[in-house]
Amino acid sequence: MENMEKFIFGKLTLDALPHLWYTIGATASILLMGIVFAIILTKTKLWGWLWHEWLTSTDPKKIGTMYLIFAALMFFRGLIDAGMIWIQQAMAADSTGYLSADHFQQIFTSHGDIMVFFVTMGIFFGLMNWIIPLQIGARDLAYPFVNSLGFWLTVAGGILINLFFVVGGDFANTGWLAPAPLSELEFNPGVGVDYLIWSLQLSGLGSLLAGINFIVTIIKERAPGMTLMKMPLFVWTSLCGMLLIITAFPVLTATTLLLWLDRFFGMHFFTTGFGGNQMMYFNLIWMWGHPEVYILVLPAFGLYSEIVATFSQKKIAGYTSMVIAALSITALSYLVWLHHFFTMGAGADVNSFFGIVTMLIAIPSGVQVFNWILTMYKGKVIFASPMYWFMGFVATFMLGGMTGVFMASPPADFQVHNSLFLIAHFHTMIVGVALFGSFAGITYWFPKIMGFTLNERLGKYAFWLWLIGFFVSFIPLYLLGFKGATRRLDHYAASTDWQPLYITAAIGFIIITCGILMQIYQLIVSIKERKLHLDTTGDPWNGRTLEWSTTSPPPHYNFAVIPTVSGRDPFWEMKLQGVQKGRRPGKDYPQKNYPEKEYSEKEYKDILLPKNTAMGIYISAFAFVFGFAVVWHILWLATIGLVGTIVCVIIISFDEHREYILPAAEVAQNEASIKSLVQG
């Protein structure tokens, strides 16, 4: 009987059901939100619309929107974790606070993984899905089904990393990279580490598929005339980020798989006995981990380049040097991983090499900053809200860059290693560069995505709250690091005099939260006032690249006729051709007041478009079942999940009817409808 029960349920017992205050509360909240959402869809009879128009869509614009929505949901999940960490530390002088030590470590771990894998990467994948095909003059990504599958695998990973609330009760208490031997079975016998491993396996596979898809799209789907050196810089930096993904994420997959083999089969890759070596885990995880930092910041660099050029009404200064800088950062990012453990005793020669390379990577980053400043020099700079985010990024990036170079020196790193100084530096780069970049990109491309602009006044209020809150939160962490406060510290002695700085950091979190609430309020007000801020031109910012040549939002086929590109700023050149020689569009034509390109019906051609498919959902669902079953050692269920995944992949590979033809006459009719709607 006992063997049968173990076969059916594996390690799953009634103790895995919610029984702690935070798991009960989280489970109840999830169920309540699900019930409310289901009631709304049922009453409005929108189930069919949601399934056919969105969930099964292969349109990159709709997939991009779903990425952004999913990332927003995960952002609020990570935000709650951050708040709990700050509040605990603010009140934990000579006190255990309101969290147990184990619970605090679990929150610390989940916050890091969620914000890196599901928030920042999710936002950039969403923006890339929307913008890259438009910027290169393509109608879709190279592999529409793979795009859908990559998204749903990411969602499956996101659900699995949060499922411990409902089934399990405990998450990994190891830190976001689950270092060995702390993540080994001896020190973590529960399922928390397994949840982390398999959520990263699923989402990592989704990211890998997305990376391959974007690389092929950028290389093969560019419009006629768009050579590599005519691509927008956002496309270039996204390409660099995707190259990092396809080379670095297999390392993450292999490393976490080896860790799982240690835990499941009792192997000894990263243990201290039987020939294992825990330092191998550190080397492998950071061989992925430091390129991951640039996977997050490189797309932001390209995004800032687009914004600076647009709002300076000038072409970007030093385009070629910007491309070389991005490629240099990509190459050097593989040679700096060992600076994460200067203190391990590798010796002066090894530490010196990695310290020098870490300092070298600051040079191409600095080149980009100088080029952005040169672009603004003598330009007609318009300080719209996307430029506010850019200026805030410059301020935080200078701080993060200087502290990064400081820690690149091994003697200095010996003093601040594993301290809150490191945490402050990391957040300066990820929040100040990547997250500010995502906010800048969402604000900049929001009218292209939604068809109306966001409220500028409220957007600027939100920016100032974010910027002030950021410095109030993280400057104290730099100081605490110098004072000796280590990371992952859930309580401390009052005699250290650290509490005022922790309280200050918590106040900064409150200010950031006000900034987030202001962004939500901005969105609500903008939706209510959308008729006053409709983007009827498709070009609300007087842009330079091809995405602004389409309507807002674009038709599902993006371009009725694929444009021919002759320069680096193709849309700007189109506008120049429509005005008298010597007149600047930025000065005389702040909006799209130039002759439209008219196409005759003969110029329209049949367009081949992908059909919607639910197979990405089915494959990801089976993969999720497999991941859940492996976490709980339910082998029969794992077999079903694995076989189901393989069968679905085989079925979709034999489906030769995944596309349909949109007739030229229908394209012409649709274009005429769009034109009359805009003119009306």
Side-chain angles (χ1 to χ4, degrees), residues 60-61 63-64 67-68 71 116-138 140-154 157 200 202-222 226-253 287-306 322-334 364 368 430 433-434 437-438 441 445 545 547:
K61 295 181 288 297
I63 292 175
Y67 262 117
L68 293 174
V116 169
F117 289 98
F118 301 105
V119 176
T120 313
M121 290 188 70
I123 292 174
F124 281 123
F125 276 139
L127 292 176
M128 287 177 196
N129 265 281
W130 258 98
I131 302 305
I132 285 179
L134 291 170
Q135 285 198 333
I136 65 175
D140 206 329
L141 295 187
Y143 307 117
F145 163 70
V146 173
N147 192 26
S148 172
L149 176 59
F151 167 71
W152 286 110
L153 283 171
T154 302
L200 297 189
L202 294 178
S203 63
L205 179 58
S207 298
L208 182 62
L209 293 175
I212 295 170
N213 207 353
F214 281 114
I215 290 172
V216 176
T217 301
I218 293 169
I219 298 300
K220 301 294 292 184
E221 301 292 324
R222 300 191 308 275
M226 182 175 283
T227 62
L228 288 174
M229 293 307 290
K230 290 179 183 176
M231 293 194 310
L233 286 171
F234 178 67
V235 178
W236 258 116
T237 56
S238 296
L239 175 62
C240 291
M242 298 305 102
L243 289 171
L244 288 175
I245 280 180
I246 67 168
T247 50
F249 264 78
V251 178
L252 174 68
T253 299
M287 283 180 189
W288 161 82
H290 210 84
E292 168 66 12
V293 173
Y294 293 100
I295 289 169
L296 300 179
V297 303
L298 275 170
F301 285 164
L303 191 154
Y304 290 128
S305 296
E306 303 294 334
M322 295 289 274
V323 173
I324 294 173
L327 293 172
S328 300
I329 292 170
T330 303
L332 290 171
S333 69
Y334 290 105
Q368 301 204 49
I430 299 303
V433 180
S438 66
W445 283 310
T545 43
E547 74 268 28

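Being a predicted model, the structure only gives us computed values, none of them experimental.
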Just by modelled atom types, is the [Y] backbone N or O under 3.5 Å from a matching donor or acceptor in the [X] side chain?
| X | Y | value |
| --- | --- | --- |
| Glu221 | Val216 | no |
| Tyr304 | Val433 | yes |
| Thr154 | Gly150 | yes |

Any side-chain heavy-atom pair from [X] and [Y] closer than 4.5 angstrom?
| X | Y | result |
| --- | --- | --- |
| Glu292 | Leu252 | no |
| Pro133 | Asp140 | no |
| Asn147 | Pro60 | yes |
| Trp236 | Ile218 | no |
| Leu134 | Trp445 | no |
| Phe214 | Phe125 | yes |
| Pro291 | Thr247 | no |

Can you give me the closest heavy-atom contact between [X] and [Y], atom names plus distance?
| X | Y | value |
| --- | --- | --- |
| Ala326 | Thr330 | O-OG1, 2.8 Å |
| Phe124 | Pro299 | CD2-CB, 4.0 Å |
| Leu298 | Ile329 | CD2-CG2, 4.1 Å |
| Ile123 | Ser438 | CG2-CB, 3.3 Å |
| Leu228 | Arg222 | CD2-NH1, 3.6 Å |
| Phe118 | Ser203 | CE2-CB, 3.5 Å |

- Query: So which of Thr217, Ile131, Thr545, Ile136 actually passes side chain to side chain contact (heavy atoms under 4.5 Å, CB included) with Val235?
  - Reply: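 Of all the options given, the one that passes is Ile136.
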From [X] atom [atom1] to [Y] atom [atom2], the distance as rounded to the nearest 0.5 Å:
| X | Y | atom1 | atom2 | answer |
| --- | --- | --- | --- | --- |
| Leu303 | Glu306 | CG | CD | 7.5 Å |
| Met231 | Met226 | CE | CE | 8.5 Å |
| Ile219 | Leu239 | CD1 | CG | 5.5 Å |
| His290 | Leu244 | NE2 | CG | 10.5 Å |
| Thr237 | Met128 | OG1 | CE | 7.0 Å |
| Ser238 | Leu127 | OG | CG | 9.0 Å |

- Message: side-chain contact (heavy atoms from CB on, under 4.5 Å), that's the test. Do Ile246 and Ile215 meet it? Break it down for me.
- Response: CA-CA 9 Å; Ile246 67 168; Ile215 290 172; 3.5 Å; yes
- Looking at residues at least two apart in the chain, or sitting in another chain, which of them share a side chain to side chain donor-acceptor pair (under 3.5 Å) with Thr253? none
- Item | Neighbour count >12 (heavy atoms, 6.0 Å) for atom OH, Tyr143 | no
- Verify the ring-centre separation between Phe234 and Trp130: is it less than 6.0 angstrom? no
- Mind telling me whether Phe117 and Phe249 have parallel, tilted or perpendicular rings, with 30° and 60° as the class edges?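 It falls in the perpendicular class, over 60°.
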